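Residue numbers start at 1 and run along the sequence shown. All ligand and atom numbering here is 1-based and tracks the order in the structure. Predicted model, so just to flag it, every value in this text is computed and none were measured.
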Amino acid sequence: MDMSTSSPVITDPVAISPPLLGGMSSNMMPFSVMSGGYTGPGMSSRRKIEEVIVNGLLDAMKSSSPRKKHNLAFDQEDSLDEDPDYSAWMSECPSALTSFKHIVANAQGKKIALFLDYDGTLSPIVDDPDKAFMSPAMRAAVRNVAKHFPTAIVSGRSRKKVFEFVKLKELYYAGSHGMDIMTSAPNSEHNTEKIIHLEYYLQCKEANLFQPACEFLPMIDEVTKSLLEVTSEIDGARVENNKFCVSVHYRNVAEKDWKTVAQLVKKVLEAFPRLKVTNGRMVLEVRPVIDWDKGKAVDFLLQSLGLDDPENVIPIYIGDDRTDEDAFKVLRQRNCGFGILVSQVPKETEAFYSLRDPSEVMAFLNSLVRWKKHSLR
Ligand SMILES: O=P(O)(O)OC[C@H]1O[C@H](O[C@H]2O[C@H](CO)[C@@H](O)[C@H](O)[C@H]2O)[C@H](O)[C@@H](O)[C@@H]1O
């Protein structure tokens with residue numbers, strides 16, 4: 001399927017009526033209903049609606065930041081095993097490590113395609129987003145896995161930034177939550193192109209780029225400026241331009257100020273009715289109101305890489321974030337392949353399996369490589 005010229009449908013935020021806002025998913029809130037364009041209720045009703053929206057956003061911020069339980073050190077694996085909630089969850093979403101034999105039995109005779117989220121999956125979550133480095137051991141694991149299976153990174157970061165962290169030319173990259181896809185890996189056995197220098201790789205392969213939100217670039221720059229301006233007074237707040245989307249980090253903001261962050265983001269977005277906000281791990285992600293997400297990006301990559309034959313290809317997507325749920329859902333709906341959620345707390349998920357943290361992700365990748373080598377003997 002040629003999707004290079006297709007344009008994702010722009011969802012119409014104005015179609016969402018204010019009374020529905022209270023019940024709508026806090027993970028995806030369009031803001032235009034609160035802008036000056038809406039003339040329904042009078043001033044006080046409007047204030048109430050705004051309060052509902054800010055509170056909805058605040059709830060989403062809190063729920064996307066699950067706390068460790070009292071008396072339970074979540075860093076200790078033994079404690080996790082003793083936690084009845086976690087154990088119950090594990091029976092619904094079993095470990096991909098303990099289920100490994102079952103996983104590879106299903107993959108026998110088929111090609112595995114791997115999709116990997118970056119933050120929280122390949123690198124541990126840290127306070128400073130610029131320091132979310134991948135360990136050399138993880139890099140070696142990803143490099144090895146990419147020798148045997150087509151592998152793509154699908155991240156909320158800009159494609160350039162995530163490439164700077166991962167530094168592997170053997171992979172495919174989808175940045176900005178899939179809104180910036182490069183469909184050629186310059187140096188892989190799956191695409192025998194000549195080795196290309198980093199700069200060339202990042203800037204000159206326009207023909208292999210799919211950027212469904214490119215018309216939003218100026219708007220993203222503009223909203224970044226406004227967000228930087230309004231959050232400058234908030235201690236610990238941080239704004240990160242991810243090219244086709246913007247992150248507003250509140251990991252280092254005191255909880256008492258989270259509501260202010262929500263209010264400021266809401267206020268800024270009143271001037272940008274074609275942008276919406278989703279939430280990740282202690283981050284609000286401002287992005288275009290287009291019908292495109294990590295799930296659509298996975299679909300697109302499978303099709304453009306000739307990997308969309310469900311009889312012969314098993315896609316596996318590993319991720320830790322809410323935005324990864326879109327990809328898990330796509331794999332579930334395709335009824336081929338599956339998602340693996342990286343989490344130390346029970347979560348509602350469309351994934352079939354789980355892993356606790358990046359070190360278990362690395363163990364899983366290494367097991368895949370061992371299995372593949374063994375099966376080639
Ligand atoms: O899709 P991802 O690759 O998981 O990107 C999602 C966001 O990841 C980054 O933020 C997260 O990781 C940071 C570093 O560990 C952490 O400080 C932050 O609290 C997390 O939300 C990235 O900085 C964001 O821009 C991405 O949207």
N/O separation below 3.5 Å, Gly156 to ligand 1: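 Yes.
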Identify, by atom number and element, the atoms of ligand 1 in contact range of [X], meaning under 4.0 Å from any of its heavy atoms.
X	result
Arg251	16 (C), 17 (O), 18 (C), 19 (O)
Ser247	24 (C), 25 (O), 26 (C), 27 (O)
Asn242	25 (O), 27 (O)
Pro129	14 (C), 23 (O)
Asp127	17 (O)

Could you work out, for [atom], the closest of [options] by heavy-atom distance?
atom	options	result
atom 11 (C) of ligand 1	Asp128, Ile125, Val283, Ile153	Ile125
atom 3 (O) of ligand 1	Ser155, Cys245, Gly178	Ser155
atom 26 (C) of ligand 1	Glu285, Arg287, Arg281	Glu285

Test: [X] and [Y] ion pair at under 4.0 Å:
X	Y	value
Glu51	Lys259	yes
Arg281	Asp321	no
Lys266	Glu270	yes
Arg334	Asp308	no
Asp130	Lys161	yes

Min heavy-atom dist Lys294 to ligand 1 below 4.0 Å: yes
Test item, Pro124 contacting ligand 1 (heavy atom, 4.0 angstrom):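 Judged by the 4.0 Å heavy-atom criterion, Pro124 does count as contacting ligand 1.
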Between Phe244 and Trp292, ring centroids under 6.0 Å: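 No; Trp292 has its ring centre 6.0 Å or more from that of Phe244.
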Beyond-backbone contact of Asn366 with Trp371, side-chain heavy atoms, under 4.5 angstrom: no
Note, Val52 side chain near Ile49 side chain (heavy atom, < 4.5 Å):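 No. Closest side-chain heavy atoms not under 4.5 Å.
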Looking only at protein heavy atoms, which one is nearest to [atom], and how far off is it?
atom	result
atom 10 (O) of ligand 1	His249 CE1, 3.5 Å
atom 12 (O) of ligand 1	Asp119 OD1, 3.4 Å
atom 2 (P) of ligand 1	Asp117 OD1, 2.9 Å
atom 25 (O) of ligand 1	Glu240 OE1, 2.6 Å
atom 16 (C) of ligand 1	Val126 O, 3.2 Å

Qualifying residue, where the test is salt bridge (Lys or Arg N to Asp or Glu O under 4.0 Å) with Lys294 and the options are Asp117, Asp326, Asp180: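 Considering Asp117, Asp326, Asp180, a salt bridge (Lys or Arg N to Asp or Glu O under 4.0 Å) with Lys294 is found only for Asp117.
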Whether Tyr317 and Phe328 hold their rings parallel, tilted or perpendicular, with breakpoints at 30° and 60°: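 Perpendicular.
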